[in-house]
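Single-structure report; data block below.
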Amino acid sequence: MKSSKYLADAAMKALLYEVNVHPKPGLVDPVDNSTHLDMNVFTFINSAVALHPYLEEFAQAGIDFDGNDLRDLFKSIRPIGVRAEKEMFKATGNINTHKGAIFSLGIMLAACGYDYKNIQSTIKEMLRGLVENDFKALDSKKSLSNGERMFLKYGVTGIRGEAEKGYPTVFNNSLPYLESQADNDLNSMFLNTLMVIVSKSYDSNVVKRGDLDSLKEIQKYAQDILDAGGCGNLEGKKILDDMNKYCNKNNLSLGGSADLLIVTIFLFLI
Ligand SMILES: CC(C)(COP(=O)(O)OP(=O)(O)OC[C@H]1O[C@@H](n2cnc3c(N)ncnc32)[C@H](O[C@H]2O[C@H](COP(=O)(O)OP(=O)(O)OP(=O)(O)O)[C@@H](O)[C@H]2O)[C@@H]1O)[C@@H](O)C(=O)NCCC(=O)NCCS
Ligand SMILES: Nc1ncnc2[nH]cnc12
């Protein structure tokens, strides 16, 4: 059994490590915030620090859960997420830094607290029916979120689809890849892991700022970097630079992919 403090500290490190990885295309890092002019690395640090108490609450909810239906565990953490989102907006001057990360880390922390040895199967049980429940009766809603709009426009299920399937991009791809890179420097390991994520995931942020062709284009850039041996060699660096220019020119945000990197780093650390 891992304590809620141990799990929360790992989640906090993952939030801070991710924003410091550089040079990340379409994302904020200490050197470049071109596609997110409303925020910078300090906005993310303020956001992460504000979230720490909620990270412990998520984990403790999993540790304390003694019900029979794990969907009740997910129901019990959604109010914690709503409070965490409010705290994030207070800490960032109403900028959305970690809304998706709160959702994904909340689920991961609760699942780890509940059953550290069976995280993915616990998540699948917790989220059974999420996409159907969250996306039903959208036509009766007064205002729609980005994710809801992307679902109606393109059928992209975004974070909810990834989560309900048990984060396959993470458990099948990015986490095994990161664990295989353990003898490189952390920045290179995490940057190449981000490319694995981008090559596989359906990031609703990319589709919202661009369209489905933008998503296919950045997936191809990321795969080409990996095929060239990663961001560390000359050819990989050249493609990464082209990818960065493409994201800046089209004002693309890879926010969803950044969240999956946060989750991957968290699982790597615990
Ligand atoms: C289910 C919720 C996430 C709410 O969903 P909602 O429909 O409101 O939002 P979505 O657009 O569906 O997704 C929200 C964020 O999830 C991240 N994301 C998107 N696609 C994926 C994916 N395939 N895999 C993983 N994660 C994904 C992404 O979050 C990150 O990006 C945001 C920063 O980027 P940016 O482009 O700047 O975002 P904006 O400011 O919105 O856009 P601009 O105006 O700048 O163009 C940031 O959020 C990152 O985290 C999506 O944005 C969940 O919040 C929910 O249900 N909330 C209610 C309360 C609750 O239940 N909370 C906790 C539950 S444990
Ligand atoms: N580094 C980053 N830049 C933009 N959006 C993000 N969401 C999570 N991490 C992010």
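Atoms within each ligand, like the ligands themselves, are counted from 1 in listed order.
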>> In the complex you have, is atom 50 (O) of ligand 1 within reach of the protein, judged by whether a heavy-atom distance drops under 4.0 Å?
In response: yes
>> Just to confirm my output: which protein heavy-atom neighbour is closest to atom 9 (N) of ligand 2, and how far is it?
In response: E18 OE1, 3.0 Å
> Looking only at protein heavy atoms, which one is nearest to atom 3 (N) of ligand 2, and how far off is it?
Replying inline: V28 N, 2.8 Å
Tell me, please: is [X] in heavy-atom contact with ligand 1, that is, under 4.0 Å?
X	answer
A101	yes
T97	yes
M150	no

> With atoms numbered from 1 as shown, which atoms in ligand 1 lie under 4.0 angstrom from a non-hydrogen atom of K208?
Replying inline: 36 (O), 38 (O), 39 (P), 41 (O), 42 (O), 43 (P), 46 (O)
> Atoms of ligand 1 less than 4.0 Å from S253 heavy atoms?
Replying inline: 34 (O), 35 (P), 36 (O)
>> Against E162, only a single residue in D259, L260, D203, L127 fulfils side chain to side chain contact (heavy atoms under 4.5 Å, CB included); can you say which?
In response: L260
[X], any N or O under 3.5 Å of ligand 1 N or O:
X	answer
D38	no
S201	no
G100	yes

>> So, 4.0 Å and heavy atoms of T97: is ligand 2 close enough to count as a contact?
In response: yes
>> Test question: given the 4.5 Å side-chain rule for I, L, V, M, F, W and Y, name all other residues clustered with V131, or answer none.
In response: F135, L138, L144, F151, L152
>> Taking E148 first and then K141, would you say they form a salt bridge - that is, a charged N and a carboxylate O separated by under 4.0 Å?
In response: yes
